[in-house]
Structure formats: structure tokens, C-alpha cells
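Heads up, the thing below is written out as C-alpha cells.
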Amino acid sequence: MEPISVVIPTFNRVALLSRSLRSVLAATETCDEIIVADDGSTDDTSRVVNGPKSPWDGRVRYLALKRGGAGRARNAGVGAAKHDLIAF
């Protein structure tokens, strides 16, 4: 199966982010990549993704973006993707 890039755009949704990441990790293979495109969150989003005890350490890439809207965050995630197949 061809590897995929999963893009998760987010803005101040730290309460749901861990649940989303666990769901995507359960549905993907280790060769797939997961990109969190943070649209300028002011909550603990970066800590959830980059925390030293995160269960997805090494499987998730974090893109810190200036606030620009969901479309811009999605496009930034697509631009950072390593694989041709992309899922949201």
C-alpha cells in the first residue's frame, strides 16, 4: 500500500487534538506521516503535539503557523507533505 500524509488543521482545539491523533495513529501505518497544521492557536496545542511524553513522538510533525484560517492551514499541511496521497 502506498504511504499517505494525513493533515490535521487545528485552531484552539487542544481538548480534541489528542483524541484525533490517537484515531489517526490507529488507522495508519508506521510509514505514513501525520502533520498537525496549527493555525495560530493560543492554547496548549504545541505541548500536546511536542510534549516529551506524547505517545506519538516521532510520528507527528507540528507546523506552527500564523493565524490565517482553516484553508491556509490545510494548504500549508499539503505543502509540507512528503507523500502524494493526502488525507484530512
Side-chain angles (χ1 to χ4, degrees):
M1 180 177 239
E2 189 172 343
I4 63 168
S5 296
V6 178
V7 176
I8 302 174
T10 189
F11 174 72
N12 286 344
R13 302 293 287 187
V14 73
L16 299 175
L17 187 56
S18 293
R19 182 176 167 196
S20 296
L21 288 169
R22 282 193 301 273
S23 176
V24 172
L25 284 168
T28 57
E29 302 291 327
T30 56
C31 62
D32 298 328
E33 74 172 337
I34 302 164
I35 301 166
V36 174
D38 183 0
D39 188 36
S41 293
T42 57
D43 59 10
D44 286 339
T45 296
S46 65
R47 182 189 53 76
V48 167
V49 177
N50 296 320
K53 296 182 181 183
S54 68
W56 37 81
D57 189 37
R59 293 259 340 255
V60 178
R61 278 197 299 151
Y62 177 74
L63 298 179
L65 306 168
K66 289 184 180 179
R67 184 83 173 109
R72 182 175 170 269
R74 277 188 209 92
N75 289 339
V78 170
K82 295 177 184 175
H83 306 302
D84 291 333
L85 293 178
I86 298 172
F88 296 99

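As the structure is a computational prediction, the values presented were derived from the model and not from experiment.
- Note on residues 37-48: pairs passing salt bridge (Lys or Arg N to Asp or Glu O under 4.0 Å), not counting sequence neighbours, are D39-R67, D44-R47.
- Legend: residues meeting side-chain contact (heavy atoms from CB on, under 4.5 Å) with S46, ordered by chain and number and at least two apart, are N50, Y62.
- Note that the CG atom of L21 and the CD1 atom of I8 stand 4.5 Å from one another [nearest 0.5 Å].
- Legend: salt bridge (Lys or Arg N to Asp or Glu O under 4.0 Å) pairs involving residues 7-34, not counting sequence neighbours, sorted by first then second residue: E33-R61.
- When L63, V14, V60, I34 are each tested for a side-chain contact (heavy atoms from CB on, under 4.5 Å) with V49, only one passes: V60.
- Looking at residues two or more places apart in sequence or on another chain, you find a side chain to side chain donor-acceptor pair (under 3.5 Å) between T28 and R59.
- The minimum heavy-atom distance between A73 and P9, with the atom names listed, is CB-CB, 4.0 Å.
- With sequence neighbours left out, the side chain to side chain donor-acceptor pair (under 3.5 Å) criterion links T42 to N12.
- Taken together through direct or relayed side-chain contacts under 4.5 Å among Ile, Leu, Val, Met, Phe, Trp and Tyr, I35 and V6 form parts of separate hydrophobic clusters.
- Residues in residues 71-88 take part in no salt bridge (Lys or Arg N to Asp or Glu O under 4.0 Å) pair, two or more places apart or across chains.
- Side-chain contacts under 4.5 Å among hydrophobic residues (ILVMFWY), followed directly or transitively, place F11 with no other residue at all.
- Under the side-chain contact (heavy atoms from CB on, under 4.5 Å) criterion, S54 pairs with W56, D57, sequence neighbours left out.
- Hydrophobic cluster membership for L16: none, as no Ile, Leu, Val, Met, Phe, Trp or Tyr side chain comes under 4.5 Å of it.
- Under a hydrophobic clustering in which Ile, Leu, Val, Met, Phe, Trp and Tyr are joined whenever their side-chain heavy atoms come within less than 4.5 Å, directly or via other members, L25 and V48 fall into the same cluster.
- The hydrophobic clustering, which links ILVMFWY residues whose side-chain heavy atoms are closer than 4.5 Å, places L65 and L17 apart.
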